[in-house]
**Student:** 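Below is a structure I'd like to ask you about.
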Amino acid sequence: MGKTIAEKIFAAHLRDTPTAENVILNIDVVMCHEITTPIAITDLESRGMDRIFDPKKIKAVIDHVTPAKDSKTAIQGKILRDWARRHKIRDFFDIGANGVCHALFPEKGFVRPGYTVIMGDSHTCTHGAFGAFAAGVGTTDLEVGILKGVCSFRTPETMRITITGRLQDGVSAKDVILFIIKELTVNGATDKVMEFVGPVVEAMSMEARMTLCNMAIEAGATCGICLPDMVTAQYLWPFIKNHYASIELAVQDFARWHSDPDADYIQKLALDVSGLAPQVTFGYKPDEVKSVAEMEGTPVDQVYIGSCTNGRIEDLRSAARILKGKKIAATVRGILSPATPKVYSQALEEGIIAIFMEAGFCVTNPTCGACLGMSNGVLAEGEICASTTNRNFNGRMGKGGIVHLMSPLTAAATAVQGHITDPRKLLKKKLTPTITE
Amino acid sequence: MKEFGGKALFLDRNDINTDEIIPAKYLTENTKLALQPFILEDLKLGGFDPRRDIEGKGVIISRANFGCGSSREHAVWVFEVNDINVVIAESFARIFRQNMYNCGMLAIELPKKEIETLFGLGEVVEITVDLVAGTLTAQGDKKVVISFKMNEFDKKLVEAGGWLAYADKNY
Ligand code: SF4
C-alpha cells in the first residue's frame, strides 16, 4: 500500500508511538506570535523551564496588534521581544520588518516541502501549500514545541480533493475554497488532512495555493496540503539554490514527498470549477456560503482587504484591477492592510498603493488588524464588513458586527458599488495574469 | 487522579466556536484568572445568559463540532478558572479537544443518541465521570449510566496532569 504525502512526512519525523492511534513527531519549525506565545513564555518561566530546543528552528513575529494599541498589547510584544533576545532567536520580526505570520514566514523561505510546522495559530495550515505538514496548536502544544521540538498528533487520514476545469476570469482560489467549505461543512474535514490536487491546483501560484490551504481549518482540517512542484521550487529558489545544482533537480527531490498512486484516502472528492461563480458567506459560519449573485445588493459599511488569506501581492493586484481609476462608494470605509513589508513595497513600486489611495482606501501597516477585531477597523454593533479574511464568526471583527467573506476581486467591486457586487461586472479585460494561466 | 464532574450546563447548539467562548479582545490578558468573568460572553444562544447560567456548573453538554475556530487555549482556561473541567459533546474541533487533554481536562465524545438522552434529563443534571471504568453517570429526572470511549493517549495525558508534564518526563 502506498503512502500519502502526510503519511510520508509523518514517517520521516516519527519520534515516538505512545499508542497505536497516536504519534509524537519531531518538529522542523515552531512559529510564534505575540498573542498566544507570551502566556506560554510566562508559564514556562514560572515552572523554571525557560528554555528553547533550538534557536534556529523557532521563528517569532509581532503581527496581530502592531504597533501596540494599549498597555496590554505593549506588554505582550515586550514579553515576546525580550524572550527572543534572551534566547538569541535570530528570526524574530518586530516593527518595520513584521507582517502577518502566515504571509511573512513563507516569504522568508522558512517552510520547505516535507517539513513539520506548528504554531499557536489555527491558520498554520496555510504552510501546507509548500508540501509541508503544518498544524495550528494551542499554547500547551506550543510550550512543548518550544521546549522539546515535538508535538503529538493522531495518525492522519487524508481526504483528496481533485480540482479540474478552468476558473473564469473574476473567480479565484478564495471562491474555490469557500465553495469547498460549503460542500464539506465546518466539520467535514475534522482530524483529516485535505490534499488539494489536479490541474487547477498545479496551475495556481504559491499565493493562490496558500489561500486554498489557509482555509482548510474552516472545514475542521488539521492541515491543507499541496504537492510540491516547479511552482514551489521557483518560489523557494532564492533560499534553496545552494542546495541543488539546478531547479529541475530540486523539483525531482521534492517529488519524493508526492503521494503514491496507490495511497489510501479516507475520501476522494472531485470538483470541476469551470462553472464556479464568485462566492460569499452569509451568517456566522464559514460554510454558510452563497454565490455572490444571491447576495448582490447587500449594503456594506466597510471593506477590508488583507490578512493571511488574501493580503498578498497577487490579491492586491487583483483588487487594483477593479479599483483602477475608480472611487469607492461614499458610504464605504475602505481599509487595505498589505500582509508584509515586502508586499507593501512591491505594491508601492507597481503603483497599486496609489490606485487604492486614489480610490479612497486607507492603507495601514502590515498587521492582522481588523481580521480578529483587535485593532485597525473594529466594527460597531450592526455594521457590515465585506472582507477578504477567513472567519465570519459572531463578534470576530467587533461585537455585533457582521462579516461577509469574499475574494479581493469581489471585495473591491463591493467597495466601488457600496454593496455586494459580482466583480465580473466591473472587469473589462485582463490586465494581470491570474491563476488560470 | 483528579475528580471530574459537576452540575451540567446545557448549550443546545452545534459549532460553538472559540470566539464565542472567549472573544479575541480578551486575548491580551496574561493570566488565566483574568479571563474568568468573560466566559461565553459572545455566545449566540437564545435564552442563555452567562452571568446567570454559569454559576455552580462543572460540566458543559453540547452538540456537534464544539470549540471550532481559533486555536486559543484561552477557551479551555476560561472553563478551567470557572471550575468547568469536562465538556461532553457529539464531536469536537481537533485543536480544542487537544487543548482540553493537554491541560488534563476531559473532552468526551458521545453519539448523538446519548447526547439526546442527556438533554432529556431535565433542568438540573449532576454528572460524575469514572475514568477507570470509562463511564459517566447523569442524575437528573432519572439516572442514566453511559459508557464512553477515550483515546489511550488522551487518558495518559489526563493521568500525567497534562501534556507538558508528560512530555517533560518522556522526551
Ligand atoms: S490575519 Fe487573521 S486569521 Fe490570519 S493570522 Fe492574523 S488574525 Fe489570524
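We name chains A, B, ... by the order of the sequence lines, and we start the count at 1 in each one. This structure is a prediction, so every number in the text was calculated from the model and none was measured.
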**Student:** Only pairs of heavy atoms separated by less than 4.5 Å count here; which of A:I79, A:V65, A:I75, A:I24 has the most with chain B?
**Tutor:** A:I24
**Student:** Restricting to non-hydrogen atoms, name the atom on A:A135 and the atom on B:R94 that form the minimum distance, rounded to 0.1 Å.
**Tutor:**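 Residues A:A135 and B:R94, closest heavy atoms: CB-NH2, 3.8 Å.
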**Student:** Work out which heavy atom in A:I181 is nearest to a heavy atom in A:P286; give both atom names and the distance.
**Tutor:**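 Reported closest heavy-atom pair: CG2-O, 3.5 Å.
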**Student:** Donor-acceptor pair, A:D141 side chain versus A:V144 backbone, under 3.5 Å?
**Tutor:** no
**Student:** Please classify the contact between B:N102 and chain A as side chain, backbone, both or neither, with a heavy-atom cut-off of under 4.5 Å.
**Tutor:** both
**Student:** B:F119 ring centre to B:R63 NZ or CZ under 6.0 Å, with the angle to the axis within 45°?
**Tutor:** yes
**Student:** Please state whether the side chain, the backbone, both or neither of A:D43 comes within less than 4.5 Å of a heavy atom of chain B.
**Tutor:**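 Just its side chain gets close to chain B.
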**Student:** Counting only heavy atoms not in B:K143, do more than 12 sit closer than 6.0 Å to its NZ atom?
**Tutor:** no
**Student:** Can a donor-acceptor pair be found, under 3.5 Å and without considering hydrogens, that links the side chain of B:N151 to the backbone of B:F153?
**Tutor:** yes
**Student:** Contact between A:V30 and A:K57 at the side-chain level, heavy atoms closer than 4.5 Å - yes or no?
**Tutor:** no
**Student:** Considering non-hydrogen atoms only, spot the tightest contact between A:N392 and A:G283 and give its length.
**Tutor:**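 Smallest heavy-atom distance, with atoms named: ND2-O, 3.4 Å.
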**Student:** Chain B heavy atoms under 4.5 Å from A:I217: which part of the residue, side chain, backbone, both or neither?
**Tutor:**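 Just its side chain gets close to chain B.
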**Student:** Would you mind telling me which of A:E34, A:R47, A:M374, A:Q76 has the largest number of heavy-atom pairs within less than 4.5 Å of chain B?
**Tutor:**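 Top count of heavy-atom pairs under 4.5 Å with chain B: A:Q76.
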**Student:** Please state whether the side chain, the backbone, both or neither of B:E152 comes within less than 4.5 Å of a heavy atom of chain A.
**Tutor:**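 Looking at B:E152, backbone and side chain both touch chain A.
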**Student:** Report yes if the side chains of B:Y26 and B:V78 come closer than 4.5 Å at any heavy-atom pair, otherwise no.
**Tutor:**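 With C-beta onward as the side chain, the pair stays apart.
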**Student:** Heavy-atom cut-off 4.5 Å, strictly under: side chain, backbone, both or neither for B:I95 against chain A?
**Tutor:** side chain
**Student:** With a 4.5 angstrom heavy-atom cut-off, is it the side chain or the backbone of B:S91 that approaches chain A, or both, or neither?
**Tutor:** side chain
**Student:** Taking all atoms of both residues into account, what is the closest heavy-atom pair of A:I402 and A:L379, and its distance?
**Tutor:**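 Heavy-atom minimum between the residues: O-CD1, 3.7 Å.
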**Student:** If you count heavy-atom pairs within less than 4.5 Å of chain B, which of A:G120, A:S152, A:G149 leads?
**Tutor:** A:S152
**Student:** Which region of A:T139, side chain (C-beta onward) or backbone (N, CA, C, O), has a non-hydrogen atom less than 4.5 Å from a non-hydrogen atom of chain B, or is it both or neither?
**Tutor:**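 Both parts, backbone and side chain.
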**Student:** Give a yes or no on whether a salt bridge exists between A:K399 and A:E381, defined as a side-chain N under 4.0 angstrom from a carboxylate O.
**Tutor:** no
**Student:** Begin with the C-alpha distance, continue with both residues' side-chain angles, and end with the deciding distance and a verdict on side chain to side chain contact (heavy atoms under 4.5 Å, CB included) for A:N394 and B:D19.
**Tutor:** CA-CA 8 Å; A:N394 179 36; B:D19 275 78; over 6 Å; no
**Student:** So what's closer than 4.5 Å to chain B heavy atoms on A:M49: side chain, backbone, both or neither?
**Tutor:** side chain
**Student:** Heavy-atom cut-off 4.5 Å, strictly under: side chain, backbone, both or neither for A:R396 against chain B?
**Tutor:**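 Both the backbone and the side chain of A:R396 come within 4.5 Å of chain B.
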**Student:** How about residues 33-47 of chain B versus chain A: which residues have heavy atoms under 4.5 Å apart?
**Tutor:** B:E41, B:D42, B:K44
**Student:** Within residues 160-171 of chain B, which positions have a heavy-atom distance to chain A below 4.5 Å?
**Tutor:** B:W163, B:L164, B:Y166, B:A167, B:D168, B:Y171
**Student:** Determine whether a donor-acceptor pair (N or O, by modelled atom type, separation under 3.5 Å) exists between the side chain of A:T367 and the backbone of A:H64.
**Tutor:**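 A pair under 3.5 Å: yes.
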**Student:** Looking only at heavy atoms and a cut-off of under 4.5 Å, which of A:T36, A:T124, A:T73, A:V186 has the most pairs with chain B?
**Tutor:**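 Highest number of heavy-atom pairs under 4.5 Å: A:V186.
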**Student:** Salt bridge or not between A:K285 and A:D287? Use side-chain N to carboxylate O under 4.0 Å.
**Tutor:**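 A salt bridge is present here (some side-chain N lies under 4.0 Å from a carboxylate O).
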**Student:** Considering only heavy atoms, which portion of A:N22 lies under 4.5 Å from any heavy atom of chain B: side chain, backbone, both, or neither?
**Tutor:**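 Contact with chain B involves the side chain of A:N22 alone.
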**Student:** With a 6.0 Å cut-off (strictly less than), is the heavy-atom count around CZ of B:R51, excluding the residue itself, greater than 12?
**Tutor:** no
**Student:** Which residue is it: B:I16, B:I22, B:T18? I am looking for the one with a side chain to side chain contact (heavy atoms under 4.5 Å, CB included) to B:E20.
**Tutor:** B:I16
**Student:** For B:D15, is it the side chain, the backbone, both, or neither that has a heavy atom closer than 4.5 Å to a heavy atom of chain A?
**Tutor:** side chain
**Student:** Measure A:C151 against the heavy atoms of chain B and call it side chain, backbone, both or neither at under 4.5 Å.
**Tutor:**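 Interface part for A:C151: backbone (N, CA, C, O).
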**Student:** Do you know which of B:K32, B:R97, B:K25, B:R72 has the most heavy-atom pairs under 4.5 Å to chain A?
**Tutor:** B:R97
**Student:** Which atoms of A:L142 are under 4.5 Å from chain B, going by heavy atoms: the side chain, the backbone, both sets, or neither?
**Tutor:**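 Answer is neither: A:L142 stays 4.5 Å or more from chain B.
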**Student:** Determine whether A:L405 and A:T309 make a side-chain contact, defined as any pair of heavy atoms from C-beta on separated by less than 4.5 Å.
**Tutor:**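 The answer is no, as the side chains (C-beta and beyond) never meet within the 4.5 Å cut-off.
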**Student:** May I ask you to name which of A:R391, A:R15, A:E218, A:M119 has the most heavy-atom pairs under 4.5 Å with chain B?
**Tutor:** A:R391
**Student:** Pick whichever of A:I35, A:V378, A:T222, A:N390 has the most heavy-atom pairs under 4.5 Å with chain B.
**Tutor:**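 Option with the greatest count: A:T222.
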**Student:** Given a strict heavy-atom distance threshold of 4.5 Å, which part of A:L147 is in contact with chain B: side chain, backbone, both, or neither?
**Tutor:** side chain
**Student:** Check the angle between the aromatic planes of B:F92 and B:F66 and answer parallel, tilted or perpendicular using the 30° and 60° thresholds.
**Tutor:** perpendicular
**Student:** So which atom in B:L9 and which in B:I54 form the shortest heavy-atom distance, rounded to 0.1 Å?
**Tutor:** CD2-CD1, 3.9 Å
**Student:** Could you pull out the closest heavy-atom pair between A:N187 and A:T190, with the gap in Å?
**Tutor:** O-OG1, 3.1 Å
